[in-house]
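Proteins get letters first, then strands, A, B, ... in listed order; numbering begins at 1 in each. Nothing here was measured: the structure is a model prediction, and the numbers come from that model.
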Amino acid sequence: MHRWFERRGMRAGDVAVWIIGMIVALLWAAPFFWMVSTSFKFPADVMTETIEWIPRRFTFDNYIKIFDFPIVRWTINSLVQAIVSTSICVICGAMAGFALAQLRFPGRATIFLIFLASIMIPVEVSVIPMLLAFIKIGWASTYQALILPTIANVFSVYIFRQFFLNFPKELVEAARMDGAGAFRLFFLVALPLARAPMIAAAVIVFTLNWNNFLWPLLVVFDESMKTMPVGIARFAPVVGTHTQLEGYSVAMAGVTVLSIPSLLLFFFLQRYFIQGISHGSIKQ
Amino acid sequence: MSRVEFRNVSKTFDREEVIHDLNLEINSGELMVIVGPSGCGKSTLLRLICGLEHLTRGEVLIDNQSMFGINPARRGVAMVFQSYALYPHMSVADNMGFPLRMSGIAKAERAVRVDEAARVLRLEDFLDRMPRHLSGGQRQRVAIGRAIVRNPKVFLFDEPLSNLDAELRVQMRLEITSLHRQLAATMIYVTHDQVEAMTMADRIVVLREGRIEQVGTPAALYQHPGNLFVAGFIGSPRMNLLRAEVVSTSSSGIDIGLEGLEGRILTVPGFASLPAPGSRLTLGIRPEAFVPAQADTFCIDVDIKFCENLGGVMLLHAPDQPFGSIVIEARRTSSPGLGKATYAVDDSELHLFDENGLTLERC
C-alpha cells in the first residue's frame, strides 16, 4: 500500500486528503449511480427492503416505455431552448465581461456589484410577475417565453470578466493603435482568444438550461411545447400511489437520457472547462 | 518623415506627477533613444505620443499639429511593444495586415503592402505561420512589419529587444538601425540598456524621475556628461567616481587632493571657471582613461582583486581602495593580472563635478 502511494507521488498528508476526497466524490456520485441503476430495474424491484445498488434483474423496457410519450418533441424543444439560449447568453456574457474588465466608464464597479447581488434574489421571487407578463403579451407556451428569461446569466458574465481582467494589456493597446474600435477589438481580437471561458460558460449555461424545470413548467401550457425535464415529470404523476411506483423506473430512464448531453459536453470539453474556470492565460 | 515636439508636458498618475514640465524636440528622420533607469517615465513619454495615455498638462505635437483629442490610430504613429503584442490567433500575414484591414484597405492592396514589408524584413517564408511557431527575433520582426505596413509618420519602440537573448539583441539592434537608414523615418526608441542607446541613437535623451538630465549625441554624452547622473549612467563599465577637494587653483588648472590619498596633488587642466579652494568635488575617470604608470605623472596604486577577460581588453576590479572602488580597462596584452599595480591617469580624460553634481565646464 505504502509503495502504491509512493509510486503516485503521494505523501502521508496527501493520503488523508485523498481519502476524504474519495468519500465526497462517492457521495456525489451515489445519486447518479442510483438513477442509472434504477433505470434498468423492473418496477417491482425499485422499492426493496435492502438497497440494490446493482439490479438483480436487468430490463431495457423503461427505455422503450419513454417513447410512449412525445419525448422526441420534448427533446427538440429542450435543444432549441438550450442551444439558442446558451448561444445568446455566452455572447452577451462575453460582451458584458469584456466591458466590465477592459472598458473604462463611470459606474463600472457598481454595475458589477449589482450583477453579483442579483444572484442573491431567489428565482421564485421574480417568476410569478414574469409569468403574468408573458401571459399578458400572449407569449405563453412559445419558444421566446422559454428562451428570453434565460439569456442573462451572471455566472457567464463573471467567468468572462475574470478572464478579460487577465487579458494582455498590450494586445488591447496594439489593436487600438491598429485602429480597432471597441466592437472590432472584441469580435476580432478578444473573443477568438476567449475559447476556454467560452467553453466553460457554454457547458455551465447549457446544463442549467437543459435541466431548467420551474420556468418551463409554469410558462408552457401546451403539451407540444414542453421541454424534457417537464415532460419527464409526467412519468411518475401521482405521488404515493402505485402509478408513481411504476413510473419511477421509467422516470429514471428518462432522466438518464436527459443527463447524457451535459455529460458528453463536460467529458469532451473538460480540459477547456477547467482552463476557463481557472482563468488560463493567453499564450502568445 | 515627421517632427515630434513635447511642450511643457506633465503627466500625473493617482496624484503623483511622473513627468514634470518636459520640453523636447525630436527632429524629422531622427532616431532618438530615450534612456533611463526603470520607472523614470520613458515608456510614459511614448504612450503620450501615441495617445494611449492622456496628458495632464502641456502639448504633444507631430508636424506642428497638436495631438490633443486625436485617436491613437489617427496620429500616424506605430508602436512596437516589448512583448511584441502579436495576435496569437492570426497568421503572420494577418497580423501584419491587421492595421490595413482596420483602415478599410482592400484585400489585394493589403497583400501587396504586407509582401513588401515582409521582403524588407526577410519574412517572406513565414507569412502563413502562426506567431507561436516563430522564434523571438522573428516575432519581433513581425511586430516591426505590422508597424511598417501602416507607413507611419513616427515609429515608437518600447524596449523591443529586452525579451531577446544577447546574441539576437545585437543582431536586431543592427537590423533596426539599418531599417532606420532604409526608411529614413522618425523613430523614438525607449530602452534602459545604455549600450543599445549608444550604438543606435542619432541623439539620446537621458531621463531621470520624469525630468530630462541631458540630450545629445552618444559621443557628446559620453565625452561631456552634463552631470554626475549622466556620467554614471552612460558608459559600460561606468565611470569611476572619486571624492576630491580643491587644494588650490591656478592658470595651469585645478589642484585637487583625493580622499584617501592625503598629501598627493593631482592637477586637472583646462577649466573655464575655477572653484574656490576647499570646495568639495567629484572626480570622474573613465575605465579606459587609466594608462600604464609613467614618470612625472600622477599615479595611483591599486590592489586588483578580480579580472574580467573580455577578449581584447581586461576589466580590472579594485574594490574598497582607500580612495574608493576602481574599475580599469586595460589591453589584454598589458594587463598586470591580480595583485598590486600602479596606474597613471590621462588628465585630458578627467571630469570634475561640483557639490551639486554638475559638470565643471572645460574651456
Side-chain angles (χ1 to χ4, degrees), chain A residues 90-91 94-95 97-99 101-106 108-109 159-160 162-202 269 271-272 275-276 278-284, chain B residues 43 46-47 49-54 70-91 94-105 110 130-134 136 138-140 142-150 152 154-156 158-160 163:
Chain A
V90 168
I91 294 291
M95 289 173 93
F98 182 77
Q102 287 287 341
L103 305 183
R104 300 267 171 270
F105 55 90
R108 191 174 70 144
I159 287 179
F160 281 105
Q162 296 311 102
F163 175 81
F164 286 124
L165 279 178
N166 297 322
F167 197 74
K169 193 176 145 202
E170 274 102 345
L171 280 186
V172 175
E173 290 179 343
R176 280 181 63 199
M177 294 280 303
D178 286 342
F183 274 93
R184 291 205 282 191
L185 170 61
F186 174 74
F187 282 108
L188 299 178
V189 177
L191 196 59
L193 294 172
R195 189 168 61 170
M198 208 144 57
I199 288 170
L269 302 174
R271 185 164 67 95
Y272 301 105
Q275 264 179 27
S278 59
H279 316 128
S281 61
I282 290 171
K283 287 193 181 109
Q284 288 194 40
Chain B
S43 291
L46 279 200
R47 296 169 65 79
I49 297 172
C50 67
L52 290 174
E53 296 290 350
H54 297 293
I70 297 182
N71 187 295
R74 297 184 190 281
R75 294 186 177 206
V77 297
M79 176 119 133
V80 177
F81 292 85
Q82 183 178 356
S83 64
Y84 322 126
L86 300 181
Y87 308 118
H89 57 299
M90 294 183 199
S91 67
D94 288 343
N95 261 286
M96 287 167 67
F98 190 75
L100 303 178
R101 186 176 162 198
M102 292 302 100
S103 314
I105 289 170
R110 269 189 344 234
M130 301 303 276
R132 63 178 174 276
H133 298 134
L134 300 177
Q138 287 164 344
R139 285 182 203 189
Q140 193 53 269
V142 177
I144 295 171
R146 192 169 64 187
I148 289 177
V149 291
R150 295 178 60 186
V154 183
F155 285 85
L156 307 174
D158 189 4
E159 306 207 29
N163 288 343

**Message:** If you count heavy-atom pairs within less than 4.5 Å of chain A, which of B:Arg101, B:Gln82, B:Arg75 leads?
**Reply:** B:Arg101
**Most chain A-contacting option - heavy-atom pairs closer than 4.5 Å, from B:Ala78, B:Ala73, B:Pro99** = B:Pro99
[X] versus [Y], closest heavy-atom pair with distance:
| X | Y | result |
| --- | --- | --- |
| A:Met177 | B:Arg150 | O-NH1, 2.9 Å |
| B:Leu86 | A:Leu171 | O-CD2, 3.2 Å |
| A:Leu188 | B:His89 | O-NE2, 2.8 Å |

So what's closer than 4.5 Å to chain A heavy atoms on [X]: side chain, backbone, both or neither?
| X | value |
| --- | --- |
| B:Arg74 | neither |
| B:Met130 | neither |
| B:Val80 | neither |
| B:Arg146 | side chain |
| B:Ala143 | neither |

**Prompt:** Are more than 12 heavy atoms from other residues, nucleotides or ligands located less than 6.0 Å from atom CZ of A:Phe183?
**Reply:** no
**Prompt:** Crowded around A:Arg184 CZ? As in, over 12 foreign heavy atoms under 6.0 Å?
**Reply:**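 It does: A:Arg184 CZ has more than 12 such atoms within range.
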**Asked** Side chain, backbone, both or neither: which part of A:Arg176 has a non-hydrogen atom closer than 4.5 Å to chain B?
**Response**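 Both backbone and side chain.
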**Item:** Approximate separation, where rounding is to 0.5 Å, of B:Met102 CE and A:Leu185 CG
**Value:**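 Nearest 0.5 Å value for the CE-CG distance: 10.0 Å.
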